[in-house]
Amino acid sequence: MAAGRSKFSNKFGFIAAAAGSAVGLGNIWKFPFEVANGGGAAFVLMYLLFCFLLCFPVMVTEIAIGRKTQKNPVGAFTALGFPKWRFLGILGIIAGIFILSFYNVVAGWAFGYFVQLSLGNFDIGSQFGEYINNIGRVGAYAVVFMLATAYVVSRGISGGIEKASKILMPTLLGMIIILVFYSMTLPHAFEGIAYYLIPQFSEINFKVVYNALGQAFFSLSLGMGALITYGSYVSKKDNIISSSALITLSDAGIAFLAGLMMFPFVAYLSNGDMASVEGGPGFIFTILPGAFESIGPVVGRLVGALFFLLLAFAALTSTISLLEVPVTYAVDELKIERKYAVWFIALFIFMMGVPSLISSGDSYFFTNFITYIGNEKATSFIDFVQHVGSDTLLPLGGFLITIFTAFVWKKNNLNKEIETGYPGFKGTLIEKYIDFAISYLCPVVLGVIFLLTLLDRFFGVHMF
Ligand code: PHE
């Protein structure tokens, strides 16, 4: 164990921080628009299955590797005795850098909406397109956001990350629950709920499958070493299984509630015409201001402003974990002092995000950045970064980590690490399931979906 490595102060601190990493824009911004993008309730079902059946075992593995080695995702593989696998950690760091570069931009939008709704500007919903192309303004919000992230990360693990997570996550959850109840009382709420909860299996095509898988990995912060890093700060006494279960449940639960809140709003604002619903990055930003307006000018303004403020905080607990990964790597492996590593890496990632910032219309080049083979429409830079960083690299990372655990590090070593905090683990049903998932289910399913996704998305080869 590295001398003096800081620790989360207790189990709740770790769970709150890991859930803080998991819960963010992925649940509240991305999940509803992916549901609307394709599949409706069928997407929701696929997403939940992936979270619990495939991602949960991957999460257990990541946390176990982190705690066993007390290292960053690159050093962890050396510490286990397999330096050749360091590439997997590097891949994770690259994915994290990609993700943070666009995530910071969207977090800035959310923060800007807090300002707009504080001013009572409900019209911002219909002006979303112009809003995100006011580069001076959204650019300034993105700067503020990256500064806030870097500041918390520079203060180290328990000082910043833990404290912020403990207060803000429960508040956000409470607020979403209240809004779910409110949205149910609106006219046409039922049409929205039906769209969200009654699956039409004819809606499932391969695109729905891989979008749901990418969403599950993204939402749970898996496949890039964030949980190896957080796992490295976990005490040997903690039960990795129950912690992972709680994190998965709270993350999937909050996404589910966010959808339950959104779709009655959507139905209300479209007079129940769910067929016209279209998902996209502007989804919550165009819908929610109108929904808040329906609450009333004063309360609606208050609720709306608070909602976007909490969303920005939820995003902050995620950006913190995204920045923490390359920083821990630079501190542990490159022996760079933490405060220099933080500011340098934050600046670098911010710069990488500039093309995303201007790719929603402002710059023609970045808005029409690339046309995948077999596609007519060009893909913007911000979408391209998401397709590569989260939808492709995260499931790939999950696939490789299960291959590593099953065939290189070996299942009994994983079991030993789990048993240190959960002595009765051996022989339980959950042990058998994790064994099956890590050795067979995840490698096969993740490997196959990964290959088919590459072909389908980037090369226009559609199998299903
Ligand atoms: N899980 C975060 C969210 O849902 C995003 C994230 C992805 C954070 C990967 C860390 C690592 O918003």
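Remember, it's 1-based here, ligands and their atoms both numbered in the order they're listed.
Considering backbone and side-chain N/O of Leu394, none are found under 3.5 Å from N/O of ligand 1. By the 3.5 Å distance cut-off applied to N or O atoms, Tyr103 is counted among the residues near ligand 1. Ligand 1 has a nitrogen or oxygen under 3.5 angstrom from a nitrogen or oxygen of Leu25. Backbone and side-chain nitrogen or oxygen atoms of Gly26 are examined, and one is located within less than 3.5 angstrom of a nitrogen or oxygen of ligand 1. At least one N or O atom of Phe218, backbone or side chain, sits closer than 3.5 Å to an N or O atom of ligand 1.
Between the side chains of Gln386 and Asp391, no donor-acceptor pair of N or O atoms lies under 3.5 Å.
Annotation: atom 3 (C) of ligand 1 to nearest protein heavy atom, Ala22 O, 3.2 Å. Taking atom 8 (C) of ligand 1 as the reference point, the nearest protein heavy-atom neighbour is Ser221 OG, 3.3 Å. Nearest protein neighbour of atom 2 (C) of ligand 1, counting heavy atoms only, is Ser21 O, 3.2 Å.
In this structure the side chain of Phe292 never reaches within 4.5 angstrom of the side chain of Ile287, judged on heavy atoms. Under the 4.5 Å side-chain criterion, counting only non-hydrogen atoms from C-beta, Trp29 is not in contact with Phe283. When side chains are defined from C-beta on, Tyr210 does not count as touching Gln215, because their heavy atoms never get closer than 4.5 Å. Between Tyr433 and Leu53, some side-chain heavy-atom pair lies under the 4.5 Å cut-off. A 4.5 Å side-chain heavy-atom check between Trp409 and Trp85 finds every atom pair outside the cut-off.
Close approach of ligand 1 to Met224 is summarised as follows: ligand atoms under 4.0 Å from at least one heavy atom of the residue are 9 (C), 11 (C). Within the listing of ligand 1, atoms 1 (N), 4 (O) sit less than 4.0 angstrom from a heavy atom of Ser219.
By the 6.0 Å and 45° rule, Lys30 stacks over the aromatic ring of Phe218.
Residue contacts with ligand 1 leave out Trp29, since none of its heavy atoms falls under 4.0 Å from the ligand.
The residues Arg86 and Glu333 are annotated as salt-bridged, a charged nitrogen and a carboxylate oxygen being separated by less than 4.0 angstrom.
Residue Lys30 does not touch ligand 1, judged by heavy-atom distances below 4.0 Å.
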